[in-house]
Asker: 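Next up is a structure, given as structure tokens.
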Amino acid sequence: MLPPISLHERQTADVSIAVLTNAPDSVILHFIRTNLRLGVRHVHIYLDAAQCSDTLDAMRGDTVSVHCCDDAFWAQSDAGVRSPFVEARQSEAYRHAYERCATAWIGFCDIDEFFVPKGDFRTLFDATPEDIEMHVATTWEAVWGPGHTGYSDFSANLCRRAIWNEGRRKWLRHNRPFYTSFTGNGICGHSEGKALVRAGIPDCIPGIHRAFRLVKDERRPLKLLETQINLLHYDAISYHQWKDKFLQRRKPDGKMGGQSYWRRALTDLLYLGKGEDFRLALFKELYGAEGDYMDWMQQHDFVRRIVTP
């Protein structure tokens, strides 16, 4: 098995993280605390709501900003109103954060994702050539393997590499048809990582996965490095949060512009299907790592342990 991805404490570096979310306070607090422990200097929470709770309000300070995205916030966007599409709202929040970034680097991700440097951010940035404008992270999807206790929030004890090799895909397609169908259609995890971007690039356009610059009305990628940072993605934070995520996607403002048909298909499986026993079985099929599947992942360097403090 490959070396673990460790969430141990690291020295603080000149980097911020921005996220748009409507997750429960407990998930947001975990996101804030984990990022600060990993060495992030400032966390920007863009709450997809007009007001925040007293708990989140109390978190505001030198290391945390909480932006309530009310009508006045969305009025500043290109559309002038809150978009019904999640990706469009993310793009507006990311742009707002980038234009106001007070650190040398900034990362954009979801509330269930964490940038985990292979060493620490400060050492990485010191060694980054001046012409490099972006670090793209390698995605690892959190799963529950042998030895886990329950399916509570952020309790997954293993993580698997996103599919990218056709030989692996053929084995998985035969042995794990549910997983390959849903992953291949952008429902259960994603293969492309998120990015950390240098601040202060005048023509930078933050994107959902990567940032770009505009050249003669065309988007051009920034100069980048890969493989120096892992993106630990808890696509299923827990069994309960996983079900709730798809309830949110059934709402009018939970629409995803990309892969919307397949996302709706999984939602229908969950909520119009065969009841709770079926949902739990599907969850285990998508996010479990047992038996021959676990053996295969170990043999092909496809799995790592998650080490938490």
Side-chain angles (χ1 to χ4, degrees), residues 1-19 21 26-46 56 58-67 94 97-142 153-159 193-201 204 206 209-211 222-234 237 304-309:
M1 187 180 295
L2 292 171
I5 289 183
S6 176
L7 300 178
H8 69 269
E9 185 173 1
R10 292 162 167 83
Q11 59 182 339
T12 301
D14 201 17
V15 59
S16 303
I17 298 294
V19 61
T21 184
S26 60
V27 174
I28 298 174
L29 292 175
H30 180 88
F31 180 84
I32 292 171
R33 291 164 180 160
T34 300
N35 273 292
L36 295 178
R37 186 171 68 247
L38 290 172
V40 172
R41 187 177 302 280
H42 198 95
V43 180
H44 293 273
I45 301 296
Y46 286 83
L56 291 182
M59 293 297 296
R60 288 186 167 105
D62 293 338
T63 58
V64 179
S65 298
V66 180
H67 310 266
Y94 294 170
Y98 189 80
E99 291 174 349
R100 292 157 179 79
C101 181
T103 54
W105 292 83
I106 183 169
F108 307 100
C109 62
D110 296 331
I111 201 70
D112 56 8
E113 297 172 329
F114 301 92
F115 292 99
V116 186
K118 293 186 176 180
D120 64 83
F121 286 123
R122 186 182 296 182
T123 302
L124 172 62
F125 296 149
D126 286 345
T128 300
E130 292 185 2
D131 62 334
I132 294 298
E133 301 167 302
M134 179 169 62
H135 282 282
V136 177
T138 301
T139 303
W140 291 85
E141 302 284 355
D153 288 2
F154 299 104
S155 62
N157 58 345
L158 299 175
C159 55
K194 302 297 175 70
L196 294 178
V197 186
R198 279 195 192 271
I201 301 173
C204 180
H209 287 277
R210 302 189 181 194
L222 302 180
K223 189 170 183 180
L224 60 88
L225 284 178
E226 298 181 275
T227 75
Q228 299 303 306
I229 303 172
N230 295 309
L231 185 79
L232 183 55
H233 181 199
Y234 291 84
I237 292 174
R304 307 171 72 166
R305 296 201 176 278
I306 301 172
V307 177
T308 56

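Starting from 1, each residue takes its place in the sequence as its number. Owing to the predicted nature of the structure, the values given are computational and were not obtained by experimental measurement.
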Asker: Report the distance from atom OG1 of T138 to atom CD of Q228, rounding to the nearest 0.5 Å.
Answerer: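 So the gap between those two atoms works out to 9.0 Å.
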Asker: Mind checking side-chain hydrogen bond (donor to acceptor under 3.5 Å, both in side chains) for D120 and listing every partner two or more places apart, or none if nothing turns up?
Answerer: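 Only Q11, T123 meet the side-chain hydrogen bond (donor to acceptor under 3.5 Å, both in side chains) criterion with D120.
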Asker: Sort and list the pairs that fulfil salt bridge (Lys or Arg N to Asp or Glu O under 4.0 Å) and have at least one residue in residues 99-111, not counting sequence neighbours.
Answerer: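 Only D110-K194 qualify under salt bridge (Lys or Arg N to Asp or Glu O under 4.0 Å).
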Asker: Any salt bridge (Lys or Arg N to Asp or Glu O under 4.0 Å) pairs touching residues 125-135, not counting sequence neighbours?
Answerer: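 Of all non-adjacent pairs touching residues 125-135, those that pass salt bridge (Lys or Arg N to Asp or Glu O under 4.0 Å) are D131-K223, E133-R213.
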Asker: For residues G193 and V136, report the shortest heavy-atom separation together with the two atoms involved.
Answerer: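 What the structure gives for the nearest pair is O-CG1, 4.4 Å.
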Asker: Do the side chains of L231 and F115 get nearer than 4.5 Å, heavy atoms only?
Answerer: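 Yes. Closest side-chain heavy atoms under 4.5 Å.
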Asker: So which atom in E113 and which in F31 form the shortest heavy-atom distance, rounded to 0.1 Å?
Answerer: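 Heavy atoms of E113 and F31 come nearest at O-CE1, 3.4 Å.
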Asker: Grab the two heavy atoms, one from R304 and one from P4, that are nearest each other, plus how far apart they are.
Answerer: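 Nearest heavy atoms, R304 then P4: NH2-O, 3.6 Å.
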Asker: Apply side-chain hydrogen bond (donor to acceptor under 3.5 Å, both in side chains) to H8 and list each qualifying residue two or more places apart in sequence or on a separate chain.
Answerer: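 With neighbours one apart ignored, the set is S6.
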Asker: Is a side-chain N or O of K118 found less than 3.5 angstrom from the main chain of T227, in a donor-acceptor match?
Answerer: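 Such a contact is found between K118 side chain and T227 backbone.
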Asker: Quick one: closest heavy-atom pair of G107 and L196, and the distance?
Answerer: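 Heavy atoms only, the tightest pair is CA-CD2, 3.3 Å.
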Asker: If you look at every heavy atom in V15 and T103, which pair is closest and at what distance?
Answerer: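 Scanning both residues, the minimum pair turns out to be C-OG1, 3.7 Å.
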Asker: Should R198 and T128 count as side-chain neighbours, where that means a heavy-atom distance under 4.5 Å?
Answerer: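 When only atoms from C-beta onward are counted, T128 and R198 do touch, with a gap below 4.5 Å.
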Asker: What heavy-atom pair brings L225 and P129 nearest, and what distance separates the two atoms?
Answerer: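 Nearest pair, atom of L225 first, then P129: CD1-CD, 4.2 Å.
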Asker: I'd like to check F114 versus I17 (side-chain heavy atoms, cut-off strictly below 4.5 Å). Are they in contact?
Answerer: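 They are not in contact (no side-chain heavy atoms under 4.5 Å apart), so the answer is no.
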Asker: Holding to ring pair (Phe, Tyr, Trp, His ring centres under 6.0 Å), I want the full list of residues that pass it with H42, two or more places apart in sequence or in another chain.
Answerer: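 For H42, the residues satisfying ring pair (Phe, Tyr, Trp, His ring centres under 6.0 Å) (neighbours in sequence not counted) are H44.
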Asker: Between CD1 of I132 and CG of L224, what distance do you get to the nearest 0.5 Å?
Answerer: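 The CG atom of L224 is 7.0 Å from CD1 of I132, to the nearest 0.5 Å.
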Asker: Is a side-chain donor or acceptor of R10 paired with a backbone partner of P117 at a separation under 3.5 angstrom?
Answerer: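 Yes; judged by distance alone, with no hydrogens or angles, the pair exists.
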Asker: CG/L232 to CG/D112 distance, rounded to the nearest 0.5 angstrom?
Answerer: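 So the CG of L232 and the CG of D112 are separated by 9.5 Å.
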Asker: What's the spacing between C101 SG and Y94 OH if we round to 0.5 Å?
Answerer: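 The SG atom of C101 sits 14.5 Å away from the OH atom of Y94.
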Asker: Can you tell me how far SG of C109 sits from CG of N35, rounded to the nearest 0.5 angstrom?
Answerer: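 SG of C109 is found 6.5 Å from CG of N35.
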Asker: Report the relative orientation of the aromatic rings in Y98 and F108; use parallel for angles under 30°, tilted for 30 to 60°, perpendicular for over 60°.
Answerer: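 Answer is tilted, since the angle falls between 30° and 60°.
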Asker: Main chain of V66, side chain of R60: is a donor-acceptor contact present, judged purely on distance under 3.5 Å?
Answerer: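 It does hold such a pair.
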Asker: Fit a plane to each ring of Y234 and F154, take the angle between them on a 0 to 90° scale, and name the class: parallel (under 30°), tilted (30 to 60°) or perpendicular (over 60°).
Answerer: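 Correct class here is perpendicular.
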Asker: Taking side chain as C-beta onward, heavy atoms only, is L124 less than 4.5 Å from W105?
Answerer: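 The answer is no; the side chains never approach within 4.5 Å.
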Asker: Measuring from I45:CD1 to H67:NE2, what's the distance to the nearest 0.5 Å?
Answerer: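 Output value for this atom pair is 8.5 Å.
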Asker: Below 4.5 Å, heavy atoms only, C-beta onward: do H30 and D153 meet side chain to side chain?
Answerer: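 The answer is no, as the side chains (C-beta and beyond) never meet within the 4.5 Å cut-off.
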Asker: Name all pairs fulfilling the salt bridge (Lys or Arg N to Asp or Glu O under 4.0 Å) condition that reach into residues 31-43, sequence neighbours left out, sorted by first residue then second.
Answerer: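 Output for this query lists D14-R41.
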